[in-house]
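Read the structure below first, then the notes.
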Amino acid sequence: MLDDSEVTDDMVRDMIEVLTSFCARLYGRRSARNRALKAVGCAQRDIGPQAVLKAGSTPCGGAG
């Protein structure tokens, strides 16, 4: 026989796992989208790797 608190704990644990999974997917997509937009912006400005190396900064003024 299961105790009511055990069932509740299991349900809470399952919800946390589901929310964690959804958040990881959301932030992963956002990160990939931001990197793609940054690359397109650099391409539109004709900023290539050599220009970045000469300037000594990160591409298009972003971090990373």
Side-chain angles (χ1 to χ4, degrees):
M1 183 176 226
L2 293 174
D3 185 18
D4 284 341
S5 65
E6 289 179 28
V7 173
T8 302
D9 288 345
D10 286 343
M11 290 174 56
V12 169
R13 194 173 305 119
D14 290 344
M15 282 303 300
I16 290 172
E17 289 179 13
V18 168
L19 288 173
T20 300
S21 174
F22 284 159
C23 289
R25 288 182 184 192
L26 172 68
Y27 290 120
R29 285 184 190 149
R30 184 180 298 162
S31 176
R33 179 178 174 268
N34 287 342
R35 283 192 309 267
L37 289 173
K38 186 177 186 180
V40 168
C42 288
Q44 288 175 341
R45 290 190 217 55
D46 286 330
I47 297 176
Q50 295 304 318
V52 172
L53 290 175
K54 288 177 185 174
S57 65
T58 57
C60 298

>> According to salt bridge (charged side-chain N to carboxylate O under 4.0 Å, His left out), does anything in residues 22-35 pair up with another residue at least two apart or in another chain? List the pairs.
In response: none
> Which other residues end up in the same hydrophobic cluster as F22, if Ile, Leu, Val, Met, Phe, Trp and Tyr are linked when side-chain heavy atoms come under 4.5 Å apart?
Replying inline: V18
> For L19, which fellow cluster members are found when Ile, Leu, Val, Met, Phe, Trp and Tyr are connected by side-chain heavy-atom distances below 4.5 angstrom, either directly or through intermediates?
Replying inline: none
> When rounded to the nearest 0.5 angstrom, what is the spacing between OG1 in T20 and CD in E17?
Replying inline: 7.5 Å
> With ILVMFWY side chains joined below 4.5 Å, transitively, what does I16's cluster contain besides itself?
Replying inline: V12
